[in-house]
Amino acid sequence: MKALNILCRKKEYQNKRTWLQKLKDQKYLYVMSLPFVLMVFVFSYIPIWGWSIAFQDYKLGLPFWEQSWVGFKHFITMFQDDKFYTALANTFGMSMMGLLLGFTIPIIFAILINELRHKLFKQTVQTISYLPHFVSWVVVAGIVYKMLSTDSGPINQLIQLFGGEPVQFMAKPELFWGIVVLSDLWKEMGWNTIIFLAAVTAIDPALYEAAKIDGAGRFRRIWHVTLPGISNVIIVLLVLSIGNLMSIGFEKQFQLQNNVVAEKAMVLDLYALVFGIGNRKFGFGAAIGVAKSVLSLILLFTANALFKKQTGKSVM
Amino acid sequence: MRKSLFKNVNRAVRIVYLMALLPFALFLSCGESVSTGDVTFNVFFSDTNADWNNMKDEVGVYLEEKTGVTVAAEFPVGELSQKISLIIASGEYPDMIMPKGDAGALVEAGAMIDLEPLIEKHAPNIKKVMGNQFDRLRYSLNDPKIYFIPTIEYVGQIEFDMDAFFKLQLRALKEAGYPKVVTLKDYESVIEQYVNKHPVNENGQPAIGLSLLADDWRFVISTTNPAFFAAGYSDDGEWGIDPVSYEAKPHYFRPEEREYFRWLNHMNHKGLLDPESFIQKYDQYIAKIASGRVVGVVDAWWEIQDAVNALKAEGKFEQTYGRFGAVIKEGIKPAWNTPTGFRGGWGIGITTACKDPVRAIKFLDYLSSDEGQVLINWGIEGKHYNVVDGKRVIPEDVAAMKYNDQSTFKKTTGIGNYFMSVRYGDGVKDPGGNYYTTKFPDSILDEYSSADKEALKAYGVNFWGDLLPPASEFEPKPWAAFWSIPVPQDKAEMNDFWNLEQAVVKKYLPKAIMGAPSDFDASYDAMLAELDKEVGHLYESATELVKDRLKLWGYIK
């Protein structure tokens with residue numbers, strides 16, 4: 001018994017020692033990472049304190065201890081509001097569609113660009129494709145409206161050229177998600193391609209040569225060398241973007257919406273903006289934010305667990 | 001030796017004496033005494049003003065000399081209510097602030113000081129301008145203090161030329177032979193005749209019969225407000241108020257208004273309504289009107305002003321608009337000119353951060369004095385106007401700049417930059433028999449084009465506004481206008497109204513109007529049911545809001 005005790009202590013001591021030893025060995029690394037840890041703490045953890053507002057009838061200008069606490073009142077109102085579920089459906093709908101298109105197409109595009117031989121042409125294509133990323137959504141929304149207008153919009157002119165009837169694209173609620181996702185794709189495709197292209201260039205050229213000698217054609221090489229080579233990057237990005245499913249922002253919906261399609265445009269952030277902050281109900285707005293964060297976390301952990309099970313790899 | 005000792009003692013005594021007095025003096029200066037030197041006030045303006053010139057303009061320099069007050073202006077970047085929220089959250093208030101509709105939040109945060117004692121003591125001119133409507137400055141029934149001096153509303157304003165929203169292109173009127181436009185049917189037939197005759201315009205673009213605007217808040221201006229005007233009511237924002245019981249309900253519940261929207265549905269069914277009415281953005285709308293293709297517009301002049309100015313600049317005067325107060329059916333009196341009295345409303349307040357409120361109120365009082373009002377409206381005598389035969393006249397070169405290059409005019413002269421206190425409106429004359437403002441019948445006629453004048457001659461009137469029944473035919477609304485009632489803390493739930501209600505109306509109304517005529521009633525009923533569900537709990541608060549104002553103003557007990 002005593003021996004065991006001593007053994008335990010000794011092990012503890014050793015553990016402690018090695019831990020201290022490690023700390024000492026890696027002290028520069030720790031010091032170097034400290035600013036970033038601090039940054040994450042300051043900007044991502046301290047603001048969680050603000051969640052307390054979700055449980056208050058928050059009034060501006062009053063100190064914290066004078067705010068009135070209301071428990072789960074805001075959450076109850078939120079869960080009883082039909083608009084919350086509409087917003088939830090819209091957020092999910094648009095982000096799932098966005099994930100499907102916005103994820104596969106940049107990969108395909110990256111691979112296609114990678115296959116291009118002519119260097120100047122390759123670079124030109126790449127630059128042109130990511131330029132829209134720098135255009136503000138206000139401008140993009142204007143372009144989309146002009147393009148889709150029945151009043152001399154190019155797309156309707158094209159339809160009429162082929163003998164079709166002009167379509168009021170922006171007045172069809174059922175098309176709104178698609179319009180948002182497609183304009184987002186146009187804007188961000190090139191930008192999202194960059195990271196995959198970088199991953200592709202990191203693949204060892206010897207693999208391609210070996211595949212070539214083995215008689216693999218272009219598509220075989222893409223399938224057996226390029227894709228497996230970037231699969232790690234794909235999985236990490238996919239899991240992370242699933243965690244971001246709920247935070248698709250509201251800029252594009254806000255800019256592209258009009259009264260006819262407003263119901264399909266109301267995403268969670270817009271809901272919080274209009275009915276929370278817009279009504280000066282900061283508590284209610286915060287409650288929506290809390291619900292959104294919790295949902296995001298659930299999604300992220302589920303996605304990660306699924307991938308871990310499937311591939312044995314994990315992001316966290 | 002003796003003498004010098006005495007001298008020293010004397011000095012010591014004097015110092016002690018002075019030191020004894022010092023706290024007393026300090027105490028005095030903390031009280032009511034007014035500083036006389038130059039002072040700078042930080043003033044937050046509700047609207048950005050690109051022509052603000054840091055008081056380096058001519059009127060500004062004069063004001064600085066006269067009052068010793070320098071105004072350091074601050075303007076909102078982005079949305080006003082967010083900026084006000086930020087100011088409150090930071091607790092760093094300017095000396096004076098104009099929060100427009102967000103006054104309630106500032107009052108609630110305890111940031112505003114009660115101006116009544118200051119006005120009583122130091123502001124005879126503000127009292128004089130307000131006259132017997134002084135009580136209309138009070139904030140609310142439960143908090144009847146005075147926090148704001150109105151800056152947006154004028155006192156005693158006479159509308160020489162009321163702007164009715166139902167607008168028709170002058171060339172369409174001319175072709176139709178300047179017919180009487182009394183009902184929506186008359187309005188429609190002018191549009192229909194013109195569109196049938198000229199399906200495409202001179203540039204080959206298809207004509208648009210009637211275009212509406214529904215972009216964001218502009219939805220209420222062009223799409224929904226015309227409904228109560230066509231039904232013979234006046235503007236109470238989104239509410240309809242029973243003049244006897246003061247019961248408030250969203251105005252869409254009035255049966256006559258349903259007929260207005262049915263007419264829009266009918267216009268759409270006939271193909272006369274622009275199919276893009278509910279989806280176009282403001283800039284698209286303005287571009288369409290500026291192209292001269294839109295025959296009918298239902299909107300305020302200030303909303304289509306840019307487009308009309310563009311048409312005027314190109315000399316296409318016959319493509320600008322005549323204005324009518326069309327009604328749903330004969331016998332309804334269009335109530336555009338309903339008198340409201342002074343509406344109180346949005347203004348400037350002094351915050352708790354202001355170190356010298358007395359000086360601040362004196363400055364505002366100067367702007368409200370006869371001299372001050374002439375200064376901010378007309379400018380400096382000899383420079384911006386001359387007195388000829390006892391009348392103020394603007395010299396030609398100044399007038400040319402005033403009408404053709406408004407921005408430079410405002411920047412250099414400063415006229416229009418200092419509307420910071422309560423003042424008289426158009427049509428009020430000073431003791432010398434001159435108008436306080438530069439807008440009066442003759443000056444309005446100067447702005448009419450030849451095409452306007454031709455049409456007005458055919459109608460036998462001087463102004464478009466003359467086609468409407470005059471103010472004398474209406475009973476004044478004792479509550480002024482619903483939209484001008486500030487929402488006090490004890491009615492905070494009313495702050496939810498706008499967003500909740502707009503969400504419902506914007507969702508159902510376009511569907512009802514763009515749908516088949518046979519579906520109209522079902523869609524409209526669905527909207528009313530949804531309104532009851534979403535904002536029904538606020539009708540009572542709204543009614544109380546009206547009654548509280550009437551009590552505050554002494555109309556009912």
Side-chain angles (χ1 to χ4, degrees), chain A residues 50 53 57-63 66 77 81-83 86-87 138-139 141-146 148-153 156 166-173 175-176 179 254-266 270-282 284-285, chain B residues 79 81-82 84-91 93 102 104-106 108-111 204-206 208 211 214-216 219 223 274-281 283-284 287-288 291 293 487 489 492-500 502-511 513-514 530 533-534:
Chain A
I53 293 174
D57 260 340
Y58 185 77
K59 290 220 170 78
L60 281 172
L62 285 185
E66 281 177 31
T77 337
D81 188 0
D82 297 341
K83 291 192 285 295
T86 319
V138 184
V139 178
I143 296 175
V144 171
Y145 263 87
K146 281 269 145 59
L148 298 180
S149 167
T150 44
D151 191 51
S152 65
N156 270 315
V167 185
Q168 285 269 16
F169 289 101
M170 293 313 291
K172 296 214 179 317
L175 290 182
F176 186 72
I179 290 168
F254 186 71
Q255 299 293 345
L256 284 169
Q257 70 172 344
N258 58 56
N259 295 324
V260 181
V261 296
E263 214 192 345
K264 290 280 175 193
M266 175 79 75
L270 208 51
Y271 178 62
L273 182 76
V274 174
F275 295 101
I277 299 168
N279 283 353
R280 270 224 178 76
K281 285 162 94 181
F282 299 100
F284 188 60
Chain B
E79 210 181 315
S81 77
Q82 281 175 17
I84 299 286
S85 295
L86 274 176
I87 290 176
I88 299 169
S90 71
Y93 298 106
D102 292 300
L106 283 163
E108 193 181 314
Q205 295 165 308
I208 295 168
S211 195
D215 190 10
D216 202 4
F219 178 69
T223 306
D274 182 0
E276 289 195 317
S277 283
F278 296 107
I279 56 174
Q280 64 190 344
K281 302 277 170 188
D283 56 327
Q284 284 178 299
K288 267 184 205 168
S291 74
R293 293 156 60 199
V487 174
Q489 205 179 339
E493 69 276 9
M494 284 297 291
N495 289 327
D496 295 353
F497 173 76
W498 169 259
N499 282 330
L500 288 174
Q502 285 293 296
V504 175
V505 179
K506 282 180 174 176
K507 181 176 156 188
Y508 285 92
L509 207 49
K511 266 187 211 162
I513 292 168
M514 305 303 275
E530 188 77 8
K533 187 179 149 227
E534 286 284 313

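We name chains A, B, ... by the order of the sequence lines, and we start the count at 1 in each one.
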Exercise for the section: Begin from the C-alpha positions of B:Lys507 and A:Asn259 and carry the test side-chain contact (heavy atoms from CB on, under 4.5 Å) through to its verdict. Expected result: CA-CA 6 Å; B:Lys507 181 176 156 188; A:Asn259 295 324; over 6 Å; no
Practice task
Under the side-chain contact (heavy atoms from CB on, under 4.5 Å) rule, what do B:Glu534 and A:Lys83 come out as? Steps first, then yes or no, please.
Solution key: CA-CA 11 Å; B:Glu534 286 284 313; A:Lys83 291 192 285 295; 2.7 Å; yes
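Residues B:Lys288 and A:Asp151 share a closest heavy-atom pair of CE-OD2, 3.9 Å. Taking every heavy atom of both residues into account, B:Ala89 and A:Leu60 meet most closely at CB-CD2, 3.9 Å.
Looking at A:Arg280, its side chain never comes within 3.5 Å of a backbone N or O of B:Asp496 through a donor-acceptor pair. A:Asn258 contributes no side-chain N or O that, together with a main-chain N or O of B:Gln280, makes up a donor-acceptor pair within less than 3.5 Å. No donor-acceptor pair closer than 3.5 Å links the side chain of B:Asn499 to the backbone N or O of A:Phe275. The backbone N or O of A:Ser149 sits nowhere less than 3.5 Å from a side-chain atom of B:Glu276 that would complete a donor-acceptor pair.
In this structure, no portion of B:Ile87 lies under 4.5 Å from any heavy atom of chain A. In this structure, chain A has heavy atoms under 4.5 Å from both the backbone and the side chain of B:Pro275. Contacts of B:Gln284 with chain A are made by side-chain atoms alone, with heavy-atom separations under 4.5 Å and no backbone atom involved. Neither the backbone nor the side chain of B:Tyr508 comes within less than 4.5 Å of any heavy atom in chain A. In this structure, chain B has a heavy atom under 4.5 Å from the backbone of A:Gln255, while its side chain stays farther away. Residue contact with chain B, scored on non-hydrogen atoms closer than 4.5 Å, is absent for A:Ser152. Residue B:Ala111 does not touch chain A at all, counting heavy-atom pairs closer than 4.5 Å. Neither the backbone nor the side chain of A:Ala262 comes within contact range of chain B, judged by heavy atoms closer than 4.5 Å.
A salt bridge links A:Asp82 to B:Lys533: at least one charged side-chain nitrogen sits closer than 4.0 Å to a carboxylate oxygen. Between A:Glu263 and B:Lys506 there is no salt bridge, since no side-chain N of the basic residue sits under 4.0 Å from a carboxylate O of the acidic one.
Among B:Ala109, B:Ala214, B:Pro510, the residue making the largest number of heavy-atom pairs under 4.5 Å with chain A is B:Ala214. Options B:Gln205, B:Arg293, B:Lys511 differ in how many heavy-atom pairs under 4.5 Å they form with chain A, and the most are formed by B:Arg293.
A:Lys281 NZ to B:Glu493 CD: the interatomic distance, rounded to the nearest 0.5 Å, is 10.0 Å.
Side chains of A:Asn279 and B:Asn495: a donor-acceptor N/O pair is absent below 3.5 angstrom, by distance only.
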